[in-house]
Amino acid sequence: MRKLKDKKAVSPMIAYVLLIVIGISVAFLVYQWLKLQIPNQSEKCSEDVRIIIKSYECNNQANKINLIFQNKGLFNIDGVYVRYSDQPDGVPAEGLKPSGSSNSLTNPDRGFLYFGVGIPNPLPPDKTYNQTFDYGSLGGNIAKVQVQPFVLSEENKIILCSENTITDKVSCQ
């Protein structure tokens with residue numbers, strides 16, 4: 001009879017071990033599943049991406065502004081997102097519409113401009129790019145221009161460089 005009692009004592013120990021192993025296995029499976037659901041590290045723009053507005057020229061009769069961009073950073077820039085405001089202390093919110101010979105991939109409604117004509121051509125360091133924009137929807141007044149550079153990832157997704165956005169006051173009336 002003693003042999004049966006001793007064997008019963010081992011049974012709860014095996015149950016506890018199995019319960020712990022099943023719990024750890026389920027936790028590992030849930031962790032692996034969650035890793036697949038959460039996207040990998042988000043791509044960021046390098047700190048060494050810098051662009052400036054080298055100069056601008058207004059054509060008040062046609063409500064156009066010609067901007068000359070210059071890459072002052074260490075990396076190529078694939079394009080810019082250009083916004084404007086008619087108030088000197090306002091927040092630039094409307095996208096400037098490129099006019100003339102701009103890239104076929106340009107989205108004029110949102111202010112996106114890829115560098116190059118026809119095929120996107122990144123702007124190399126210390127080079128300039130000249131583009132004319134139409135600001136007629138503001139009634140002939142533009143006071144501030146904001147330029148946000150962007151680069152393309154390896155999957156051709158746009159990565160906005162929000163830390164490298166510049167805002168310049170201009171006077172086109």
**Asked** Given the rule that I, L, V, M, F, W and Y join up when any side-chain heavy atoms are under 4.5 Å apart, are Leu113 and Val170 in one cluster?
**Response** yes
**Request:** Please confirm whether Phe150 and Tyr114 have ring centers closer than 6.0 angstrom.
**Result:** yes
**Request:** State, yes or no, whether a side-chain contact exists between Asn130 and Asn66 at a heavy-atom distance under 4.5 Å.
**Result:** yes
**Item:** Pairwise distance CG(Asn164) to CZ(Arg50) - rounded to 0.5 angstrom
**Value:** 6.5 Å
**Message:** Test of understanding: clusters of I, L, V, M, F, W, Y form through side-chain heavy atoms closer than 4.5 Å, transitively. Do Val49 and Leu74 belong to the same one?
**Reply:** yes
**Message:** I'd like to know if the side chain of Lys169 and the backbone of Lys144 have a donor-acceptor N/O pair within less than 3.5 Å.
**Reply:** no
**Request:** Could you tell me whether the side chain of Ile166 reaches within less than 4.5 Å of the side chain of Ile53, counting heavy atoms only?
**Result:** yes
**Asked** Got Lys127 and Asn71 here, is their nearest side-chain heavy-atom distance under 4.5 Å?
**Response** no
**Message:** I'd like to check Lys157 versus Leu152 (side-chain heavy atoms, cut-off strictly below 4.5 Å). Are they in contact?
**Reply:** no
**Item:** Spacing of CD belonging to Glu57 relative to CD1 belonging to Ile65, to within rounding of 0.5 Å
**Value:** 9.5 Å
**Prompt:** Which distance, rounded to the nearest 0.5 Å, do you find between the CG of Leu123 and the CG of Asp78?
**Reply:** 9.5 Å
**Prompt:** What's the spacing between Glu47 CD and Cys161 SG if we round to 0.5 Å?
**Reply:** 11.0 Å
**Check: Phe115 main-chain N/O paired with Asn121 side-chain donor or acceptor under 3.5 Å** = no
**Item:** Ile52-Tyr81 co-clustered via ILVMFWY side chain contacts under 4.5 Å
**Value:** no
**Prompt:** Rounded to the nearest 0.5 Å, how far does CD1 of Ile68 lie from OG1 of Thr132?
**Reply:** 9.0 Å
**Prompt:** Should Val26 and Trp33 be counted in the same cluster of Ile, Leu, Val, Met, Phe, Trp and Tyr side chains packed under 4.5 Å apart?
**Reply:** yes
**Message:** Let's go through Ile22 and Ser25 carefully: what are the C-alpha distance in whole Å and the side-chain angles of both, what is the deciding distance for side-chain contact (heavy atoms from CB on, under 4.5 Å) to 0.1 Å, and is it a yes or a no?
**Reply:** CA-CA 5 Å; Ile22 290 172; Ser25 299; 5.6 Å; no
**Request:** List the steps and the verdict of side-chain contact (heavy atoms from CB on, under 4.5 Å) for Gln131 and Leu67.
**Result:** CA-CA 6 Å; Gln131 180 65 48; Leu67 297 175; 5.7 Å; no
**Asked** Between Gly73 and Pro125, which heavy-atom pair has the shortest distance, and what is it?
**Response** O-CB, 3.4 Å
**Message:** Taking the side chain as everything from C-beta on, heavy atoms only, tell me whether Thr128 gets closer than 4.5 Å to Phe69.
**Reply:** no
**Pro122 versus Pro124, closest heavy-atom pair with distance** = O-CD, 3.1 Å
**Message:** What I'd like to find out is whether the side chain of Ile77 reaches to under 4.5 Å of the side chain of Pro149, using heavy atoms alone.
**Reply:** yes
**Item:** Nearest non-hydrogen partners of Lys44 and Ile159, listed with the distance
**Value:** C-CG2, 4.0 Å
**Asked** Given the rule in the side-chain contact (heavy atoms from CB on, under 4.5 Å) test, do Glu94 and Ser85 qualify, once you have shown the distances and angles that lead to the verdict?
**Response** CA-CA 7 Å; Glu94 293 290 321; Ser85 173; over 6 Å; no
**Message:** Are more than 12 heavy atoms, taken from residues, nucleotides or ligands other than Gln37, located less than 6.0 Å from that residue's CD atom?
**Reply:** yes
**Asked** Do Tyr129 and Phe75 share a hydrophobic cluster (ILVMFWY, side-chain heavy atoms under 4.5 Å, transitive)?
**Response** yes
**Request:** State, with a plain yes or no, whether a side-chain heavy atom of Leu96 is found less than 4.5 Å away from one of Ile142.
**Result:** yes
**Prompt:** Does a side-chain heavy-atom distance below 4.5 Å link Val147 with Ile51?
**Reply:** yes
